[in-house]
Amino acid sequence: MKSADCLLVADGSTDRVLIDIVKWVIATEKIPVSLSFELFCPTMKVAEKLKKALIEYPSTDVVFIHRDAEKEPWEHRQSEIEEAIAEVELTLPHVSIIPVRMTEAWLCIDEQAIRRAAGNPNGKTSLKIPAPSKLERISDPKEALNELLLKASELNARRRKKIKNPSELAKMRRLVAANIHDFSILGNFETFRFFQEQTIRVFHDLPTI
């Protein structure tokens, strides 16, 4: 079996959820590879992050480079990543991950996963998760997912205060990703297909260790 030390160079620590999506792609394709992941997300430009990351993690086999599109066309972010790769002369296999607006838009797809992450898997409150066609038009996906989690918890206002803090909400968002078993609906989006196709190609081409 192949093995790979992977490095996710991300916008922030909450983007760790992308590791679950990478692992889903690998499992779905039945690629025989064992993955280990490190997350690197200091606040600096992409080229600076890459340069520093490659020094700190010299055993890296595959680099995943994440940038949220935010209000930019995703192609602009891809150009930014390509320029950074050229600047640092990156020769390692690499994959771009560019969710439109931000990562959390890719997590607003599974009602049951949101209920489980909120600690209330049998909840009955209607969540009205966004239609797949509208995911890339959510103005603030992180806030939208937070609201879905709070609603799914079905806690009263007083008890919601205990979980309505950034660290608790971040934990719940990570649990959403861990509880989604099928991300295939995201294949409707060009950005996801681009990431998926790169991932499949890179791991198929890895040498057996």
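Atoms considered below: every heavy atom in the structure, side chains included; atoms not considered: hydrogens, waters and symmetry mates.
- Proximity of Phe203 to Glu29: side-chain heavy atoms (C-beta onward) are nowhere separated by under 4.5 Å.
- The distance from the CD atom of Glu154 to the CG atom of Asn120 is 4.5 Å, given to the nearest 0.5 Å.
- Atom CG in Asp5 sits 9.0 Å away from atom OG in Ser34 (nearest 0.5 Å).
- A distance-only check finds a donor-acceptor pair linking the side chain of Arg101 to the backbone of Ile138 [under 3.5 Å].
- Using a 4.5 Å heavy-atom cutoff, the side chains of Thr199 and Ile26 are in contact.
- In this structure, Phe192 and Trp24 have tilted ring planes: the angle between them lies in the 30° to 60° band.
- Rounding to the nearest 0.5 Å gives a distance of 8.5 Å between NZ of Lys142 and OG1 of Thr103.
- The same ILVMFWY cluster, assembled from side-chain heavy atoms under 4.5 Å apart, contains both Leu186 and Leu8.
- Met102 and Phe189 are not part of a single hydrophobic cluster, where members link through side-chain heavy atoms under 4.5 Å apart.
- Taking 4.5 Å as the limit, some side-chain heavy atom of Val25 sits within range of a side-chain heavy atom of Phe195.
- Between the Lys151 side chain and the Ser126 main chain, a donor and an acceptor come within less than 3.5 Å of each other.
- Checked by atom type, the side-chain pair Glu136/Thr191 shows a donor-acceptor distance below 3.5 Å.
- A donor-acceptor pair under 3.5 Å is absent between the side-chain atoms of His66 and the main chain of Ile97, judged by distance alone.
- Hydrophobic clustering (ILVMFWY, side-chain heavy atoms < 4.5 Å, transitive): Ile200 and Val95 are in one cluster.
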Item to complete: For the pair Cys6 and Val22, evaluate side chain to side chain contact (heavy atoms under 4.5 Å, CB included) and give the outcome as yes or no after the intermediate values.
Response: CA-CA 10 Å; Cys6 302; Val22 173; over 6 Å; no

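- Both Leu145 and Leu155 are assigned to one and the same hydrophobic cluster, defined by single-linkage of ILVMFWY side chains at heavy-atom distances under 4.5 Å.
- Once rounded to the nearest 0.5 Å, the distance linking CG of Leu127 with CD of Glu147 reads 12.0 Å.
- Nearest heavy atoms, Phe40 versus Lys49: CE2-O, 3.3 Å.
- Residues Ile65 and Ile85 have side chains in contact (heavy-atom distance under 4.5 Å, counting atoms from C-beta outward).
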Item to complete: Begin from the C-alpha positions of Arg115 and Glu111 and carry the test salt bridge (Lys or Arg N to Asp or Glu O under 4.0 Å) through to its verdict.
Response: CA-CA 6 Å; Arg115 292 188 192 280; Glu111 183 173 317; 2.7 Å; yes

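- Checking Glu143, Glu168, Glu104 one by one against Arg173, the salt bridge (Lys or Arg N to Asp or Glu O under 4.0 Å) holds for a single residue, Glu104.
- A heavy-atom distance below 4.5 Å is not found between the side chains of Leu7 and Leu92.
- By the 4.0 Å N-to-carboxylate-O rule, Lys52 lies too far from Glu48 to be salt-bridged with it.
- Formation of a donor-acceptor pair under 3.5 Å by the Asp11 side chain with backbone atoms of Asp68 is found in this model.
- Between Arg77 and Glu80 there is a salt bridge, since a side-chain N of the basic residue sits under 4.0 Å from a carboxylate O of the acidic one.
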Discussion item. Does Val17 form a side chain to side chain contact (heavy atoms under 4.5 Å, CB included) with Val176? I'd like the steps, not just the answer.
Written reply: CA-CA 9 Å; Val17 297; Val176 174; over 6 Å; no

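- Distance check, rounded to the nearest 0.5 Å: CD of Gln196 to OG of Ser184 gives 8.5 Å.
- Residues Ile31 and Phe183 are members of one and the same hydrophobic cluster, defined by side-chain heavy-atom contacts under 4.5 angstrom among Ile, Leu, Val, Met, Phe, Trp and Tyr.
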Discussion item. Using side chain to side chain contact (heavy atoms under 4.5 Å, CB included), reason through Asp20 and Ile180 one step at a time and then give a plain yes or no.
Written reply: CA-CA 9 Å; Asp20 291 293; Ile180 296 175; over 6 Å; no

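- The backbone N or O of Ile98 sits nowhere less than 3.5 Å from a side-chain atom of Arg67 that would complete a donor-acceptor pair.
- Taking the six-membered ring for Trp and thresholds of 30 and 60 degrees, Phe37 and Phe64 have ring planes inclined between 30 and 60 degrees apart.
- Looking only at side-chain heavy atoms (C-beta outward), Pro130 and Leu148 come within less than 4.5 Å of each other.
- Put simply, CD1 on Ile109 and CD1 on Ile129 are 8.0 Å apart, with the number rounded to the nearest 0.5 Å.
- Annotation: side chain of Leu54 is in contact with side chain of Leu90 (closest heavy-atom distance under 4.5 Å).
- Between Asn179 and Asp110, the closest side-chain pair of non-hydrogen atoms is not below 4.5 Å.
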